[in-house]
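Structure first, commentary second.
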Amino acid sequence: MRKGPIIITAAVALFFVISWIIKSGGAPEGSSSYDAIAEGFWLTFAAFLTLAILSFLYKDNPFYKFAEHLYVGVSAAYWMSLGFWTTLVANLFPRISMTLSEWFQVEFISYQYHFWVPPILGVLLLMRLSPKGGWLSRWALAFIVGTTAGLNLPRFLRSDFIEQISSTMLPILVNWQGFGDFFTNFSLSASGQFVSIVSNFLVVLGVLCGIIYFFFSKEHKGAFGAASRFGIWVLMVTFGASFGYTVMGRISLLVGRLTFLLDDWLGIISG
Amino acid sequence: MNFFERLSLLDRRWVYLILAAVVVITVLIEFDTPIRVNPEVRSIYDFMEEQQPGSYIHLAIDYDPGSLAEMHPMTYVIMEQALAKGLKVIMTALSPNGPGMAEQAMLEIMDSVKLHTGKEVIYGEDIVFLGYKPYPGIVILAMGQNYRLPFPGDYYNTSLDSIPMMEGIINYDNVEGVILITGTSGVDFWISYANGRYNVPLAVGLTGVMAADYYPYLKSGQIFGLMGGMLGAAEYEKLAGRPGRAMEAMRVQVWTHMVIILFILIGNIGYFISRRRGGSV
Amino acid sequence: MKIKIIALMAMLLLLASVGWGQEEAAIDSTVQEVIPPGPPLNLKAFDKPYDNGHAIDLTWDLSVDDGAGRNNIIEYRLMRADSPEGPFVERKKLEMGKTEAEDKGVKEPDDPNYFPREHDFYYKVVAVTADAEAESEVVGPVRGIGQWYNAGKNPVAVAVVLFTVFTIYFIFKAKKGAELYIRPLAGIDAVDEAIGRATEMGKPILYVLGLGTAADIATIASFTILSRVAQKVAEYQTSLIVPCYDPIVMTIAQETVKASYYSAGRPDAYNQDSVFFVTNQQFAYVGGVNGIMLRDRPATNFYLGKFYAESLIMAETGAVAGSIQIAGTDEVTQIPFFVVACDYTLIGEELYAASAYLGREPVLLGTLKAQDYAKALVIICCIIGFIAASFGWTWFVEQFHVGN
Amino acid sequence: MKKEIPLAIVFVAGVFMAVQFFVPHAGSEWIYEFVMEWTIIIGIFALALGIWSLLRVSTTKIKRKMENWPYAVVLLAGLVSMIIFGMGFMGGVESYMFRHFFNHVMIPLHATMFSLLAFFIASAAFRAFKARSALATVLLISALVLMLRFNPYLGPVGDLDADLASWILNVPNLAAKRAIIIGIGLGMVATALKVILGIERSYMGSD
């Protein structure tokens, strides 16, 4: 091993050990010194992990790799444990087995035999791990894919299709009072009749041209092509807008992390 | 190669460094920024103000710690408003990383309401936290049938039937509305399942990135209010008269946005200069 | 004028005496006469339409003292019994001014709010003032019946049927050999090129299925594209990396890739560990994928499926690593980031169409044609609806309203 | 037979769930609720497969001493210790170590990873927002309008920009999103239909 990395690692380690020692000193009154040392450790460790991830911006490095691998391992296990306790222990066991319920100290509800179906399908899924029974796992997959496809078919047809169409059917005049009224009260204000007319018309036109852009089986030529081009323009305005709109949220996430580093860890900001 | 061309080829790491510097400086130095309030935020505030004490509100905290910085101000300002008014709050957290964080927020808010209004908020009578179950879409559907279906017990595994405020509370029919604060796509489930299938009035607080995409649902009436990101939270804080983190954060936003715009301009100037010379970028 | 003043004085005197009398009555409460309010009239109870059978709808006319008369009604109580004689149990309270209610319960028999289906019930509504109440007449028997079809969802049913018919018709037409034109899609044309490039460079191809579960249609569409890509990868003898977020998705992806290697005639080249699970925590997964991008330096990155905030993290890291990037998602919020940061982006529906494009199988192309016809129908409906709404003809617009 | 039975399951389950949408009867609701609960439980079993895959890939890396193998040890250490902390005798998901790993390892990592987006959005804007073509210019200008929408230093121009930004969000944005959503709706329905009818079966693999 070269000397450079060792020196850097040692320096970083020293830095965070010092941080640990300093952070362990500021224990709230009434708590034992052991608690303070533990809290100091956790805070320092969190700060280390935060900086390790941020170091990725410069380039891939051992600290990032450490944090990344730790994160993957811990998170996979976290989800597993959570799923086990909240689903199997809380929902399944009290319905299929009195012994298991007692073992995990949850209240037994009653025998509900259809609850045997999911563990059986689950075991079928696990058959993948055996060299011969792999094909059985497809039964479970087929069940999941089939139910969800069937579940989504009418539901998305409703929320993403029919309801969107019905809300596109906008009236051109928001308050229908005849043309005379329209001309006598003509205004260019944002809440005025004229702007709403233009807006409603553009919404309908934009939706139609957007849909035309997504036509796959017709050549985009002539008037059809022009509509499709207008459609893609509207899409691009939207994409730019979404991007510009998002910057804010992303910056605030960064502020959150910096607040952690500057305030919770280094204690620079007060209040 | 002139100055601008070299700037337009700037290594991305300089972009990162300058951005980080601006954020740190604006976080550390204090100054004020004005705020405008939009009608889609006001309608949520008005809805909450119209509720009588004792009415039920379902507060869905569906974000996870990743978007905590952006979403917490909304949760705090709305939950404080609700508890201070004496509304009863049913809380769920349908993001796998969320429940721990949501519980922490709940306890903090219960304390802060007591501190500011002197009102004692009692868990189980004024607020109940149901916790998390996987597969949000399914849980949302199931709650529309009966809260007890996905949540036989609350977060602390107390049976719902033995929690005083849940007596007679079956499903969405028993709450005035759902205020959803989320950073995940679970909002689609709430819209198409909770509002679509069970017709419960729904308002959403979303991350800034998501908000722009939910205006169609606002117009079609599937949601009655919308708060987007830190700006939305700052607007709400202004309405509720509780200046908090969101209003402070706005000054950081203003300056970082200007830096990014500056980078875009530099990139384009360099691009045009080199194109006029026939070079390529 | 004088007469009026006298009359007024007389009335004031009368009022004062009444007030005096009431004060006395208040002192001696036993004498107080309580006047019951007018009862709710015309009570009707019927099975709630299009439901699971565990509810009854009720309507009635307001008591004469609600909003008029003495105007002292506070609430209505909805009472239910198993026989006309009672005993009646309170089911619901409604504030004044309400003329309809729904008595709904749950279907779980062990639940305290259980509402038995197909059971005879008798109802009455009680109008309540601060000190008195008046009962409506008892109605019944009425029973909750579960319906087998929800006519409120007719528009959806029509759409499902129409679309299914379109699809099947065009599949048959395509099978018979009718030529179907499809316009070019840049993202699709780039797929072959990108795989070729990876082969030349001797670098792997990264295929990210996104954060969807097997329940997401985008993920299912992505499996189909994965199978085409894997087949080409097997033919070109490049290597493939598929890190997965959801274990079920991983299982299916393994099946898909394995099948593609078999059908490409290269089962020996299939490496079981090329499709693997990372974790199902959004950003831990991103961290893992970023690591792969910077360490294995894939020539091409595919991001097809459901993506959320991580889209830009992956796409920018991929750009740093110098990979060609092809993305596609139906997650509307993330399309802009892919458009900005990737070389090619399949926008929304194009992701679903991609599998048909890559396969060029008549059956799959047939469904594309069906989709186009449905779109044409949408356009026509929107135009008619726009005109109808502008002239205030609401009938047409209402046809698209879906009930619950 | 290895393929017919799964395809039959897909068809029956798919048609059933699609029809269920239109059937309000309690019987249909019961079955629907069962199926929902089943899916959640099956998901937990599937997770075991995921963990198995993770273990396999990591141990192979260590055994063969592949590049970066020491980090696979870190991964396994994190995985195994977290599983142990979550076990019953440690106190399950309420145990000290389980909660502290969540609060002081997972939360900071998660939030920091997410916050990288602030940098990436800046670098993506710098790299890609160039007025190369008419469409690219539209993209660029619309992004600029939105980024300036709350800038308090623009005076009256700022008000105009804020109005324009909200108009973009309410009109073109609404139209485009709706067009995309309608397309997606159709694409989803077509794909779901292909799956139920057994036309789309690449997810099924082969033998």
Side-chain angles (χ1 to χ4, degrees), chain A residues 53 56 59-60 64-65 67-69 71-76 78-79 110 125 128 137-138 141 144-145 147-149 151-154 156-158 161-163 165-166 168-173 176 200 204 207-208 211-212 214-220 235-236 238-243 246 250, chain C residues 153 155-157 159-160 163 180-183 185 214-217 220 248 251-252 254-255 277-281 283-285 287-288 290-291 294-295 333 335-337 339-340 347-350 353 365 368-369 371-372 375 378-379 381-383 385-386 388-392 396-397 400-402:
Chain A
I53 296 289
F56 174 74
K59 67 176 198 188
D60 192 22
Y64 174 76
K65 286 181 201 168
E68 172 211 317
H69 283 84
Y71 190 16
V72 169
V74 168
S75 64
Y78 174 81
W79 213 87
S110 65
L125 204 60
R128 294 185 58 72
S137 71
R138 275 188 218 144
L141 295 182
I144 292 170
V145 171
T147 45
T148 52
L151 183 73
N152 287 328
L153 180 81
F156 279 104
L157 206 51
R158 175 192 178 152
F161 190 67
I162 293 181
E163 282 183 355
I165 296 172
S166 88
T168 305
M169 297 176 178
L170 298 167
I172 188 154
L173 275 185
W176 180 262
N200 274 1
V204 175
V207 171
L208 296 188
I211 293 175
I212 285 175
F214 286 110
F215 264 82
F216 300 112
S217 63
K218 193 161 164 36
E219 251 180 293
H220 289 187
L235 290 186
M236 283 300 158
T238 304
F239 294 157
S242 291
F243 193 102
T246 312
R250 302 313 187 215
Chain C
K153 288 175 178 169
V156 183
V160 169
F163 195 73
L180 292 176
Y181 168 85
I182 354 179
R183 80 173 163 90
L185 273 185
D216 289 301
I217 307 279
I220 294 179
I248 295 181
T251 311
I252 299 177
Q254 284 171 343
E255 292 280 312
F277 176 74
V278 180
T279 174
N280 48 6
Q281 215 95 57
F283 287 103
Y285 175 74
N290 275 358
L294 289 187
R295 283 155 224 157
T333 46
I335 298 172
F337 301 107
V339 167
V340 170
I347 301 168
E349 196 187 359
E350 293 175 348
L365 293 179
L368 272 192
K369 194 81 188 163
Q371 273 162 261
D372 276 3
K375 270 174 267 180
V378 169
I379 291 177
C381 286
C382 281
I383 292 173
F386 177 58
S390 294
F391 286 95
F396 185 80
V397 182
F400 288 83
H401 186 79
V402 185

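First the proteins, then the strands, lettered A, B, ... as listed; each starts at 1. None of these values were measured; they are calculated from a predicted model.
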Fill in the blank from the handout: Smallest heavy-atom separation, Gln281(C) atom then Ser75(A) atom, equals OE1-CB, 3.1 Å
Handout entry: Within the 6.0 Å centroid threshold, strictly below: Phe337(C) and Phe243(A)
Key = yes
Practice task
Name the region of Leu208(A), side chain, backbone, both or neither, that has any atom closer than 4.5 Å to a heavy atom of chain C.
Solution key: both
Fill in the blank from the handout: Distance col, row Phe156(A):CZ vs Glu163(A):CD, nearest 0.5 angstrom, shows 12.0 Å
Exercise for the section: Go through the atoms of Ile347(C) and report whether side chain, backbone, both or neither lie under 4.5 Å from a heavy atom of chain A. Expected result: both
Handout entry: Toward chain A, the part of Val339(C) with a non-hydrogen atom under 4.5 Å
Key = side chain
Exercise for the section: For the pair Lys375(C) and Asp372(C), find out whether any cationic side-chain nitrogen is under 4.0 Å from an anionic carboxylate oxygen. Expected result: yes
Exercise for the section: Please flag which part of Ile182(C) lies under 4.5 Å from any non-hydrogen atom of chain A: side chain, backbone, both or neither. Expected result: both
Problem - Within-4.5 Å side-chain heavy-atom neighbours: Lys218(A) and Tyr181(C) - result: no
Practice task
Count the heavy-atom pairs under 4.5 Å between each of Lys59(A), His69(A), His220(A) and chain C, then report the option with the highest count.
Solution key: His220(A)
Exercise for the section: Check whether Val156(C) gets within reach of chain A through its side chain, its backbone, both or neither, counting any heavy atom under 4.5 Å. Expected result: both
Fill in the blank from the handout: Honestly, the part of Tyr78(A) sitting under 4.5 Å from a heavy atom of chain C is side chain
Completion exercise
Assert top hit (heavy-atom pairs under 4.5 Å, partner chain C, pool Val207(A), Ile165(A), Leu235(A), Leu153(A)) equals Ile165(A)
Practice task
Of all the heavy-atom pairs spanning Ala388(C) and Phe396(C), show the shortest one and how long it is.
Solution key: CB-CB, 4.2 Å
Problem - Under 4.5 Å from any heavy atom of chain A - which part of Tyr285(C) - result: neither
Handout entry: Check: Gly287(C) main-chain N/O paired with Tyr64(A) side-chain donor or acceptor under 3.5 Å
Key = yes
Handout entry: Among Thr168(A), Leu141(A), Thr147(A), Ile53(A), residue most engaged with chain C (heavy-atom pairs, under 4.5 Å)
Key = Leu141(A)
Practice task
Applying side chain to side chain contact (heavy atoms under 4.5 Å, CB included), run through Gln371(C) and Phe214(A) and close with a yes or a no.
Solution key: CA-CA 10 Å; Gln371(C) 273 162 261; Phe214(A) 286 110; over 6 Å; no
Exercise for the section: Under 4.5 Å heavy-atom distance to chain C, tell me which part of Ile211(A) shows up: side chain, backbone, both or neither. Expected result: both
Handout entry: Test item: Arg128(A) and Thr251(C) side chains (from C-beta on) under 4.5 Å apart, heavy atoms
Key = yes
Exercise for the section: Go through Leu125(A), Val204(A), Ile144(A), Val145(A) and name the one with the most non-hydrogen pairs under 4.5 angstrom from chain C. Expected result: Val204(A)
Problem - chain A contacts, top residue of Ile383(C), Asp216(C), Val160(C) (heavy-atom pairs, under 4.5 Å) - result: Val160(C)
Practice task
Measure distances from Glu219(A) to the heavy atoms of chain C and classify the residue's part below 4.5 Å as side chain, backbone, both or neither.
Solution key: both
Practice task
List the atom of Pro155(C), the atom of His401(C), and the distance in Å for their closest heavy-atom pair.
Solution key: CG-O, 3.6 Å
Handout entry: Under 4.5 Å from a heavy atom of chain C, the part of Val72(A) involved
Key = both
Problem - Side chain, backbone, both or neither of Lys65(A) within contact of chain C (heavy atoms, under 4.5 Å) - result: both
